[in-house]
Amino acid sequence: MREYWSIWKEAVTRALVEAYPETRGELIRETLVIETPPEIEKGDIAFPMFPFARVLKKSPAQIAAAVAGKMEDACPSTDDGAPAGRAVAIGPYVNVFLDRVAVADTVVNRVLAQEALYGNSGDLADRRVVVEFSCPNTNKPLHLGHLRNDALGESVVRMLRAAGAVVRPVNLINDRGIHICKSMLAYREFSEGSTPEKEGKKPDHFVGDYYVRYAQWEKENPEVEERARRLLQLWEQGDPEVHELWLTMNRWAIEGIEETYRRTGISFEKVYYESETYKQGREEILKGVEAGVFYRDEKGTVWVDLTDIDLDKKVLLRADGTSLYLTQDVGTAIMRHQDWPFDQLIYVVASEQRYHFQVLFEVLRRLGFSWAENLHHLAYGMVNLPQGKMKSREGTVVDADDLIDTLAELALQEIRRKGRDETGDESPRRAEQIALGALHYYLLQTGPVKDMIFNPEESLSFTGNTGPYLQYVGARVSSMLRKQAAPERVSAPGELVAEEWLLIHRVASYPRVVSEAASALNPSILAGHLYETAKAFSRFYHDHPIAVADDPKVRDFRLGLSRAVMHVMQHGLELLNIPFLEAM
RNA sequence: GCGCCCAUAGCUCAGCUGGAUAGAGCAUCGGCCUUCUAAGCCGAGGGUCGGAGGUUCGAGUCCUCUUGGGCGCGCCA
């Protein structure tokens, strides 16, 4: 659809210059904006003339009338598939009424020809992008916060790929530190050598239980914290027994977490482990000291002074030479660029860490890495529950697996209640897919920057602006097309009903929306458009016969349009990591 | 105390680089299944866009101030 808009923009520009030679072409190109009229009765494309009023010393309405007049004999033709139409002055606007039949024909046939590729673009062709997300700890299972992170990260990866980028999703597993030692200590103390297998427990939950156990233990015996610290020291010294236990418990945790990734459709091309990277960065910082971008104080501590850009002073290396979180991140960023030279690196991390990333990026810049300009922190807000904040200490954290189990169970009940379980065995599987659809859509419908309230009951609602609604619309199209296949090529009938045109308009703008969402790193833009499309289809489907239309020409075109809608839904849901269902 | 982010209908959220009468969903009320899946469709009510100034032909959108909320400001990660 963008093509049509640009074509018309050119036409309006030409008309403006013709009517008012004193306006220069380039000037117009910058000030002429393309809009959509508020009501479909006012046309399909709008060009406001306000900006030219002052320079031309004429009212916007006068200008609009003059421009529309010039365009009467100079409209774009349909020669190369571009739609004709007419330009009309409506008050201060020059509005374009497209030749709907021509557009309908072009758009539907384009989708039918491109099939699953419709929506892809070359906007970011050959751009190499690393996306880091998830980044779990190995002392406990994933929780609701990770689910938002994962949903965002995975969707951004998929959208960037659709825009033509070469994307490398990476994970950084935090498998070392005091928190793991706490789980280990409690395990040693209370487990009597039990294993996840013996207890038939998901292994990350098994490990997490000991972390919870530790927390209770420490509450009554504060002195155990000292023991945990000692365990960390032993680990750092490479104590074989400690190392072995550490390996075992990490394996359990990671095994369980990976199971959740598989369940939720998350995957990575490369997994980094902090135990392997935490010493990185030291050398680079020392180089920075030599180069004079960092400095040492009397005690030997290395600092970076960022007061000139209002970021204060930060420690980069302790006096004993050991690293910090920030130092590690400097190291891993450099390592990643060596592993796989990227054009852009996106960190999907909660917005609490904004400051951290500002400092990190600046440090890398001062170390002279040109690619530091292309580092990006995709910050997202917190997820809270209707009853308040999640506190790990108070046990109000929502476990990821439990949540999905609950959603799936409720979906299953709904399937049975509605008598949609004729297929029998399929039902639990379908319930799981609906649960994932509900969850991912709920998490992605809100823009990343905002804090959000996760309302489990609302997410489970199967009506309205939800994942299951989109899945349902997809299932209905699929079901219809199973009964009556769409032709491979269509030709639009002489007349289109309003609901049909609205739907075509959505389908036509889909690729542009994907590009927009990808470049904004914001899946909610896509989610909103898919919902609009689904709604437009529902209405069309409700109001007009498609497969059962009397006129074969109308029927074929509508089937083709429906198939186009199906392709859009499949493509879009895939980008949001929401399962497309053939039947529901 | 300093810094960053957020504030739109009762609730949860949209609102594209400033543009025509601020939109959805939920909830409430009322319609629509002998026809392609009613997990659907249609309609109604509901708003001083937190507040005050300013810039502009035009501000929910930009600037300043202010109120309320969130998050940061460790030689923690």
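Lettering follows sequence order; numbering is per chain, from 1. Computed over heavy atoms, backbone and side chain alike; hydrogens, waters and symmetry mates excluded.
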Taking only side-chain nitrogens and oxygens of [X], does any of them come within less than 4.0 Å of OP1 or OP2 of [N]?
X	N	result
A/Ser538	B/C41	yes
A/Tyr469	B/C41	yes
A/Tyr541	B/U37	yes
A/Arg354	B/C5	no
A/Arg482	B/C36	no

Which part of the nucleic acid, if any, lies within reach of [X] when heavy atoms closer than 4.0 Å are counted: base, sugar-phosphate only, or nothing?
X	answer
A/Ala46	base
A/Pro48	nothing
A/Glu35	base
A/Gly91	nothing
A/His544	base
A/Ala475	base
A/Ser479	base
A/Pro60	nothing
A/Pro38	base

### Message
When you measure from the side chain of A/Thr277 to the backbone of A/Gln280, do you find a donor-acceptor pair of N or O atoms at a distance under 3.5 Å?
### Response
no

## Note on the structure
Contacts of A/Ala534 and A/Lys483 projected onto RNA chain B by closest heavy atom; the upstream (5') one is A/Lys483

### Query
On RNA chain B, nearest-nucleotide positions of A/Arg54 versus A/Thr466: which is more 5'?
A/Thr466

### Query
For B/C33, is chi within 90° of 0 (syn) or not (anti)?
syn

### Message
Does anything in residues 174-185 of chain A come within less than 4.0 Å of RNA chain B? Heavy atoms only, and list the residues if so.
### Response
A/Asn174

### Query
Heavy atom of residues 301-317 of chain A under 4.0 Å from RNA chain B: which residues?
A/Thr301, A/Val315

### Query
How far apart are the C-alpha atoms of A/Glu362 and A/Val304, what are their side-chain angles, what is the distance that settles it, and do they pass the side-chain contact (heavy atoms from CB on, under 4.5 Å) test?
CA-CA 10 Å; A/Glu362 184 60 23; A/Val304 59; over 6 Å; no

### Message
I'd like the C1' distance from B/A7 over to B/U61, given in whole Å.
### Response
14 Å

### Task
Provide the distance between the two P atoms, one in B/C16 and one in B/U8, to the nearest whole Å.
16 Å

If we ignore angles and hydrogens, is there a donor and acceptor under 3.5 Å between the side chains of [X] and [Y]?
X	Y	value
A/Gln353	A/Tyr325	yes
A/Asp175	A/Thr138	no
A/Glu499	A/His544	yes

### Query
So A/Tyr211 and A/Tyr214, would you call those rings parallel, tilted or perpendicular, with 30° and 60° as cut-offs?
parallel

### Message
Can you tell me how the ring of A/Tyr93 sits relative to the ring of A/Phe50, calling it parallel under 30°, perpendicular over 60° and tilted otherwise?
### Response
perpendicular

### Task
Hey, could you give me each pair passing ring pair (Phe, Tyr, Trp, His ring centres under 6.0 Å) that has a residue in residues 427-453 of chain A? Not counting sequence neighbours.
A/Tyr442-A/Phe454

Could you please name the option among [options] that lies closest to any side-chain atom of [X]?
X	options	result
A/Ile546	B/C36, B/A77, B/G40	B/C36
A/Glu274	B/A77, B/G72, B/G40	B/A77
A/Tyr325	B/U37, B/C5, B/A77	B/A77
A/Asn95	B/A20, B/U37, B/G40	B/A20
A/Tyr531	B/A24, B/A20, B/C36	B/A24
A/Met382	B/A20, B/G70, B/C42	B/G70
A/Thr446	B/C36, B/A14, B/C71	B/A14
A/Asp297	B/C75, B/U12, B/A20	B/C75
A/Ala583	B/G19, B/U37, B/C41	B/U37
A/Ala547	B/A77, B/C41, B/C36	B/C36

Strictly under 3.5 Å: I want the nitrogen or oxygen pairs between protein and nucleotides 6-10 of chain B, one per line.
unit_1 : atom_1 : unit_2   : atom_2 : d
B/A7   : OP1    : A/Lys450 : NZ     : 2.9

### Query
Do the charged groups of A/Arg429 and A/Glu426 touch, with an N to O distance under 4.0 Å?
yes

### Query
Has the side chain of A/Asp329 got a donor or acceptor that lies under 3.5 Å from a partner of the other kind on the base of B/A77?
no

### Task
Walk me through it: do A/Ile434 and A/Leu412 pass the test side-chain contact (heavy atoms from CB on, under 4.5 Å)?
CA-CA 9 Å; A/Ile434 291 170; A/Leu412 188 59; over 6 Å; no

### Task
Would you verify whether the NZ or CZ of A/Arg148 falls within 45 degrees of the ring axis of A/Tyr380 while also being under 6.0 Å from that six-membered ring's centre?
no

### Per-pair stack call A/Tyr355 and B/G3, 5.5 Å, 30°
no

### Task
Give a yes/no verdict on base stacking between B/G19 and A/Phe50: centres under 5.5 Å, planes within less than 30° of parallel.
yes

Donor-acceptor pairs under 3.5 angstrom involving side-chain atoms of residues 308-316 of chain A: please list them, not counting sequence neighbours.
unit_1   : atom_1 : unit_2   : atom_2 : d
A/Asp308 : OD1    : A/Arg366 : NH2    : 3.3
A/Asp308 : OD2    : A/Arg366 : NH2    : 3.2

### Query
When rounded to the nearest 0.5 angstrom, what is the spacing between CZ in A/Arg506 and OH in A/Tyr531?
11.0 Å

### Query
What is the distance, rounded to the nearest whole Å, between atom NE2 of A/His529 and atom P of B/C16?
15 Å

### Message
A/Lys553: which residues meet the salt bridge (charged side-chain N to carboxylate O under 4.0 Å, His left out) condition with it, sequence neighbours left out?
### Response
none

